[in-house]
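One structure below.
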Amino acid sequence: MTKPYVYVTRKLPEEIISPLREKLDITMWGSEEEPVDHETLAKEIKRADAVLTMLSDQIDRPLLEQADHLKIVANLAVGYDNIDLEAAKAVGITVSNTPDVLTETTADLTFALLMATARRVVEADTFIKQGLWKNWAPFLMAGTDVHHKTLGIVGMGRIGEAVARRALGFSMDVLYHNRSRKQQAEASLGVKYAAFDELLEQADYVVCLAPLTEETKYMFDENAFSKMKTSAVFINASRGKNADEKALYQALVNGEIAAAGLDVFEEEPIDSSHPLLSLDQVTCLPHIGSATKETRQKMVELCFENIQRVLNGSKAKSPVV
Ligand code: NAP
C-alpha cells in the first residue's frame with residue numbers, strides 16, 4: 001500500500017521526522033530559514049494528502065481549491081490567521097493548530113519581554129558591549145517598576161491567563177478584556193474584567209494576546225494609544241497587525257506612552273530600517289514566543305498527531321475547522 005504523502009513547508013530536525021517515515025511519505029522544504037516559494041508550495045499542495053505549514057505561509061483560496069487530495073493543513077502555531085478557513089471549510093479540508101503545548105512557553109516569553117522593556121535589559125546590555133559604561137550613576141539605565149503595578153491583558157485566553165498567573169507572583173493587579181467574561185479566571189486568579197477603554201486608561205502595562213481577526217486588526221490604533229497613561233508600556237506578543245505601527249511610533253515619539261516590547265510585527269521579518277527600530281524605548285524580538293526546543297518539538301508532534309488522525313479517518317486532536 002502506498003504511504004500518504006505529507007509535505008512540510010520548512011526543514012525540521014530529522015530526528016523528529018525520521019520515526020514518522022515508517023507510515024508516511026514525508027518531503028520537507030530544504031531550508032530551515034527560507035520559506036518555501038509559492039510555485040513549489042502550489043505544486044506540493046496539489047499532490048499532498050497533508051501539509052504541515054508555518055505561520056509565514058499564506059494558505060489562500062486558490063491554493064486550497066486546487067488541492068485535489070489534501071485532507072488537512074496542520075499549522076505549526078496556535079494562531080491561524082495565515083489560512084483561509086472559509087475556503088478550507090468549503091472544500092472539506094481540516095485545518096488544525098497547536099494550542100496548549102505552547103501556552104506556558106509563550107507566557108514566559110511575554111513576561112520576559114515585559115520585564116526586559118520595563119528594566120531596559122536589552123538597552124543596558126548594548127550599552128556595556130558598546131563600551132559606553134564609564135561610571136556607575138544613580139539614574140543610569142533607570143527603568144520602571146513591574147511589581148505592584150497594574151497589568152492589562154487584552155485577549156485573556158490560554159496564554160493571557162498564564163501571563164496573569166506570572167503577574168500575581170509580582171504582586172500586580174490584573175485587569176483583562178475579552179469579548180466575554182471569564183468568571184472562572186476572575187474567581188481563581190482574582191483578575192478583574194474591564195472594558196477596553198477602561199483597561200487602557202488604568203493599566204501600567206498593556207499586553208495584547210488576542211488573535212488576529214477582522215475585529216482585532218489595528219485595535220491598538222492612534223485612539224487606543226492616546227487613552228493609555230503616558231508612563232504605559234505596550235507589549236505585543238500576539239500578531240503584528242493587531243497594532244498600527246505608524247500610530248505606535250507616533251505615540252512613542254510624542255510621549256503618549258513610554259515604551260513598547262514587540263515580539264510580532266505588521267510585516268515579518270521587519271525591515272531593519274523601520275522607524276520603530278530606531279527607538280531605544282522599543283525592545284524587539286523576532287517572533288519567538290513559543291521558541292524553545294522542548295515546545296517546538298511538542299508543536300511538531302501535535303501537528304503530526306493531527307495529520308495521522310485525519311489521514312486515518314478520525315477527527316484531528318486540535319481542529320480549527
Ligand atoms: P486563545 O486561548 O484563543 O485566547 C485568545 C483570547 O482572545 C480569547 O480569550 C478571546 O476571548 C480573546 N479575544 C478574541 N477576540 C477578541 C476581541 N475582538 N477583543 C478582545 N478579546 C478577544 O488563544 P491563545 O492560545 O491564548 O493564543 C492567543 C494568541 O497569541 C494567538 O491567536 C496567537 O496569535 C498569539 N501567539 C503568539 C505567539 C508568539 O510567538 N508571539 C505564540 C503563541 C500565540 P473572547 O472570545 O471572549 O473574546
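What you are looking at is a predicted structure, and each value in this text was computed from that prediction instead of being measured. One-based numbering, in listed order, for ligands and for the atoms of each.
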- prompt: Taking the non-hydrogen atoms of Leu212, is any one of them nearer than 4.0 angstrom to ligand 1?
  reply: no
- prompt: Is the closest heavy atom of Pro99 to ligand 1 under 4.0 Å?
  reply: no
query: N/O of Asp81 under 3.5 Å from N/O of ligand 1, yes or no?
result: no
query: Which is closest to atom 33 (C) of ligand 1 by heavy-atom distance: Arg239, Arg181, His177?
result: Arg239
message: For Lys11, is there an ion pair with Glu33 - N to carboxylate O distance below 4.0 angstrom?
response: no
message: According to ring-ring contact (aromatic ring centres under 6.0 Å, His included), does anything in residues 143-185 pair up with another residue at least two apart or in another chain? List the pairs.
response: Phe111-Phe170, Tyr176-Tyr193, His177-Tyr193, His177-Phe196
- prompt: Does a side-chain N-to-carboxylate-O contact under 4.0 Å join Glu14 and Arg21?
  reply: yes
statement: Under 4.0 Å between heavy atoms, the region of Thr106 that gets near ligand 1 turns out to be side chain
field: Arg166/Glu104 salt bridge by N-O under 4.0 Å criterion
entry: yes
- prompt: Among Thr295, Leu209, Val78, whose heavy atom sits nearest atom 28 (C) of ligand 1?
  reply: Leu209
- request: Please go through Val320's hydrophobic cluster and name the other residues, only I, L, V, M, F, W, Y counting, with side-chain heavy atoms under 4.5 Å joining them.
  value: Tyr5, Tyr7, Trp29, Val36, Leu41, Ile45, Val51, Ile59, Leu63, Leu64, Leu70, Val73, Tyr80, Ile83, Leu85, Val91, Ile93, Val95, Val321
message: Please work out, at 4.0 Å between heavy atoms, whether the side chain, the backbone, both, or neither of Lys182 comes within that distance of ligand 1.
response: neither
field: side-chain hydrogen bond (donor to acceptor under 3.5 Å, both in side chains) assessment of Arg296 paired with Thr105
entry: CA-CA 10 Å; Arg296 284 289 152 86; Thr105 300; over 6 Å; no
Atoms in ligand 1 with a heavy atom of Gly289 nearer than 4.0 Å: 39 (C), 40 (O), 41 (N)
- prompt: Heavy atom of Thr213 under 4.0 Å from ligand 1?
  reply: no
message: Is it true that Asn236 and Asp263 share a donor-acceptor pair across their side chains at a distance under 3.5 Å?
response: no
message: If we set the cut-off at 4.0 Å for heavy atoms, which region of Arg179 has an atom near ligand 1: side chain, backbone, both, or neither?
response: both
message: For atom 38 (C) of ligand 1, tell me which residue out of Ser290, Gly79, Ala237 has the closest non-hydrogen atom.
response: Ala237
statement: CG of Leu24 to CZ of Phe304, rounded to nearest 0.5 Å, is 6.5 Å
